[in-house]
There are 2 protein chains.
Amino acid sequence: MWVKLSTRGEYGLRAMFDLAQRYGEGPIPLKSIAERQDISEHYLEQLIAILRKAGLVKSVRGAQGGYTLSQEPHEITVGDIIRVLEGPIAPVECLNDDGSENCKHEDTCVTKDIWEKVRDSISDVLDSFTLGDMLERSNKMKQKNKNYMYYI
Amino acid sequence: MWVKLSTRGEYGLRAMFDLAQRYGEGPIPLKSIAERQDISEHYLEQLIAILRKAGLVKSVRGAQGGYTLSQEPHEITVGDIIRVLEGPIAPVECLNDDGSENCKHEDTCVTKDIWEKVRDSISDVLDSFTLGDMLERSNKMKQKNKNYMYYI
DNA sequence: TTATATCATAGTATTTTACTCGGTTTTTGT
DNA sequence: ACAAAAACCGAGTAAAATACTATGATATAA
């Protein structure tokens, strides 16, 4: 399947949503996120390292340490998270920053603008949703379903 | 990369464009397509088998046989081709026909509608281009660039 | 000083991709 | 009838990507 979120994107988004639900509560240890989301802690470490280097989360080392979102939930889009974890959205090689060098016949390519439109439409959708939107959605779910389940 | 056309989609689209350029000339042998497009003949056989089973091309067996588009170029969209070769566009498992069975908490899922919008926007873009559009585009290129190169 | 954390890197099993290989069957032209 | 040209078919395989595991070092609060 050519459009398929890997576990990097899925787990990373779930971890970020977990942090969004606890925004303002101080640093959240990774262990607790991994347990709640049922993800291998070691693997999640690697993913959150990517998010940290991209500036989406801040870390506090040592005991009582953990992670927090570096901006408010409504300031972080799903696109920010997915692009960082899954890499740039490029259906074909030549849409990458470096990739255009490899392609000598850009100017006469019949399909390039198709892939550009695909890329842009995906980006637009993902950037139209923030973690804040997801929280709101989740809260509405909670009100409706008293059994208190919200999933991602 | 989570949005990445595989060679199946790329080669298949190139083969279909090759057939579109020769539409009306009778059956085109696969060997000639493979040579022009510089694709392994055996591999392309497997891809065109998928296109044939999906009804996008017709085959004529025996000597002087080959393949033809089963509809006019402007009736076949890029989406038709890509969906057949790369499988259904489903960023997450639960958007597949069978996949929803696996997911118990569809009703309370915070992200499902994001992935549905992603899927639909990709589909819309791909369905807005036909092989006929690509031929027109290619012909304009030919007029501008006298050196007669058109690529895909 | 100890427990709790983050941080870092190397290794590995599984899955997917991108083919290759070795044929059989069908049809046309001589 | 026969040879050549072509579609059709299924199994096997090398390389790459994915999804982890393993083993530690470093930092900080209590």
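So that the names make sense, note that chain A is the first sequence line, chain B the second, and so on, each numbered from 1.
Residues satisfying the side chain to side chain contact (heavy atoms under 4.5 Å, CB included) criterion with S70(A), sequence neighbours excluded, are K58(A). Under the side-chain hydrogen bond (donor to acceptor under 3.5 Å, both in side chains) criterion, D18(B) pairs with R22(B), R36(B), Q37(B), not counting sequence neighbours.
For the pair W115(A)/P91(A), a side-chain contact is recorded, criterion being any heavy-atom separation below 4.5 Å from C-beta on. Side-chain contact between E35(A) and E41(A): absent, with no pair of heavy atoms (C-beta onward) separated by less than 4.5 Å. Using a 4.5 Å heavy-atom threshold, the side chains of T111(B) and F17(A) count as separate.
Ion pairing of K140(B) with E136(B) is absent here, as no side-chain N (NZ or NE/NH1/NH2) approaches a carboxylate O to less than 4.0 Å.
For DNA chain C, the span of nucleotides reached by chain B at under 4.0 Å from its heavy atoms goes, 5' to 3', from dT17(C) to dT28(C).
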Point to revise | Steps toward side chain to side chain contact (heavy atoms under 4.5 Å, CB included) verdict (T68(B), Y23(B)) | key: CA-CA 7 Å; T68(B) 53; Y23(B) 189 67; 5.7 Å; no
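Residue pairs meeting the salt bridge (charged side-chain N to carboxylate O under 4.0 Å, His left out) criterion with at least one member in residues 66-89 of chain B, sequence neighbours excluded: D80(B)-R83(B), R83(B)-D127(B).
Results of the side-chain contact (heavy atoms from CB on, under 4.5 Å) test with L131(A) over I81(A), V78(A), L19(A), T77(A) single out I81(A) as the only residue that passes.
Rounded to 10 degrees, the angle between the two end axes of the helix from dT1(C)-dA30(D) to dT30(C)-dA1(D) is 10°, with five pairs used at each end.
Rounding to whole angstrom units, NZ of residue K4(B) and P of dA17(D) are separated by 10 Å. In this entry the distance linking OH of Y43(B) with C1' of dA15(D) reads 13 Å, nearest Å.
In terms of hydrophobic clustering, with Ile, Leu, Val, Met, Phe, Trp and Tyr side chains grouped at heavy-atom distances under 4.5 Å, F129(B) and L51(B) are assigned to a common cluster.
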Check your understanding: For every nucleotide of nucleotides 1-14 of chain D, 5' to 3': is a protein heavy atom under 4.0 Å from its base (B), only from its sugar-phosphate (S), or from neither (-)?
Key -> ----BSBBB-B---
